[in-house]
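Structure record follows, encoded as structure tokens.
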Amino acid sequence: MEGLAEARRRLARAERVAVLTGAGISKPSGIPTFRDAEGLWRNFNPLEYATPEAYAKDPEKVWAWYAWRIQKVRQAQPNPAHLALVELERRVLERGGRFLLVTQNVDGLHALAGSQNLVELHGNILRARCEACGKRFPLPEAFTPPPVCPGCGRRARPDVVWFGELLPEGAWEKAEKAFAQADFALVVGTSAEVEPAASLGRIAFASGAYLVEVNPEPTPLTPLAHLSLRMGAVEGMAALL
Ligand code: APR
């Protein structure tokens, strides 16, 4: 496969690598995706669980859903695709290059795997944020939702970005800069449908980066990608490294 050999050659020499991941990379770890065949949004209406309005209307219902997702995340371990990205980061940094991993995932598996230069664009499901004072804190292993702020005692919400909300301060700027400056951009396991994350691949392509996508399905990014590996993240990362 000519394209794969070319991509491997370029990745082995890349000096500025930017990676975007989505729910697909965590599927092999047993965490459900959102939009593909058995994705969460098939059984749960995002408007009832993942918007500020839904939470304001029924915080108990939203917290019960997050508590269910959290227990799945706590049972999950990083898979070989997460670990391959840790190895890729090590190689790029070792040769004096720059590396940034931007994830849409809130499962914390990249950090658990050991990724260092990491931006969690949509927050982290294992953290809560006080609705009154804004304090962020890790959720205890066992908790009865809704958690209360250890600082001021008021109710806390999941520290994730819901539809219609702003991304964490500075996260987008850092991600956009890395993709605009990248000479190699890798997009793994995302349907590339949710903005602004979905624009990162296009930004890299427009700036001249070599763009590679890893996804068993085609996405809106596929026509732009120099190489689109039609396979799972574990197989795709193994092929690239
Ligand atoms: N390896 C790689 N990709 C996979 C795998 C796999 N083993 N299995 C499925 N996929 C792909 C699917 O083909 C799909 O394109 O993963 C993608 C998952 O897409 P989504 O479920 O839409 O997840 P994501 O792109 O991360 O969603 C973005 O939307 O709901 C919001 O905030 C939520 O962060 C999420 C955002």
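The structure displayed is predicted, hence computed values, not measured ones. In what follows, residues are counted from 1 in the order of the sequence shown. Counting starts at 1 for both ligands and their atoms, in listed order.
For atom 19 (O) of ligand 1, the nearest non-hydrogen atom from the set Ser191, Gly22, Pro28 belongs to Ser191. Distances from atom 29 (O) of ligand 1 to the heavy atoms of Gln104, Arg35, Arg42 show the closest one on Arg35. Here atom 32 (O) of ligand 1 lies nearest to His122 when heavy atoms of His122, Glu195, Glu235 are compared. Nearest to atom 35 (C) of ligand 1 by heavy-atom distance, out of Tyr49, Trp162, Phe34, is Phe34.
A salt bridge links Glu87 and Arg91; the closest N-O separation between the charged side-chain nitrogens and carboxylate oxygens is under 4.0 Å. Under a 4.0 Å N-O distance rule, the pair Glu235/Arg230 does not qualify as a salt bridge. Salt bridge present: Arg74 and Glu141 bring a charged side-chain N and a carboxylate O closer than 4.0 Å. Between Asp107 and Arg69 no salt bridge is recorded (no basic side-chain N to carboxylate O distance below 4.0 Å). Using a cutoff of 4.0 Å between basic side-chain nitrogens and carboxylate oxygens, Glu38 and Arg42 are not scored as salt-bridged. The pair Glu48-Lys61 meets the salt-bridge criterion, since a charged nitrogen lies less than 4.0 angstrom from a carboxylate oxygen. A salt bridge links Arg157 with Glu165; the closest basic N to acidic carboxylate O contact falls under 4.0 Å.
The Ala23 neighbourhood of ligand 1 comprises atoms 23 (O), 24 (P), 26 (O), with distances under 4.0 Å to a heavy atom of that residue. Each of the atoms 2 (C), 3 (N), 16 (O), 17 (C), 18 (C) of ligand 1 lies under 4.0 Å from some heavy atom of Gly189. Interface atoms of ligand 1 facing Phe163, defined by a heavy-atom separation under 4.0 Å, are 30 (O), 31 (C). Close contacts of ligand 1 with Pro216, meaning ligand atoms under 4.0 Å from a residue heavy atom, involve 2 (C), 3 (N), 4 (C), 5 (C), 10 (N). When each atom of ligand 1 is checked for a heavy atom of Gly232 under 4.0 Å away, the hits are 1 (N), 6 (C), 7 (N). Annotation for ligand 1: atoms under 4.0 Å from non-hydrogen atoms of Glu217 are 13 (O).
Among protein heavy atoms, the minimum distance from atom 9 (C) of ligand 1 is reached at Asp36 OD2, 3.1 Å. Ranking the protein heavy atoms by distance from atom 2 (C) of ligand 1 puts Ala233 N, 3.4 Å first. With respect to atom 5 (C) of ligand 1, the closest heavy atom belonging to the protein is Gly24 O, 3.6 Å. Protein heavy atom closest to atom 14 (C) of ligand 1, with residue, atom name and distance, is Asn215 ND2, 3.8 Å. If you check which protein heavy atom lies closest to atom 25 (O) of ligand 1, you get Thr190 OG1, 2.6 Å. Shortest contact from atom 30 (O) of ligand 1 to any protein heavy atom: Trp41 NE1, 3.0 Å.
No N or O atom of Asn105 sits closer than 3.5 Å to an N or O atom of ligand 1.
Residues Thr190 and Gln104 bring a donor and an acceptor atom of their side chains to less than 3.5 Å of each other.
With a 4.0 Å heavy-atom cut-off, ligand 1 is reached by the side chain of Val194 but not by its N, CA, C or O.
Each of Trp41, Trp65, Tyr66, Phe34 was scored for a ring-ring contact (aromatic ring centres under 6.0 Å, His included) with Tyr49, with one residue passing: Trp65.
For the pair Arg155 and Trp63, the cation-pi criterion (under 6.0 Å, within 45° of the ring axis) is not fulfilled.
Between Trp68 and Phe44, the distance from one ring center to the other falls under 6.0 angstrom.
The shortest separation from a heavy atom of Lys27 to ligand 1 is under 4.0 Å, placing the residue in contact.
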When you look at Leu11 and Val92, which way does the side-chain contact (heavy atoms from CB on, under 4.5 Å) test go after all the steps?
CA-CA 9 Å; Leu11 185 54; Val92 172; 5.5 Å; no

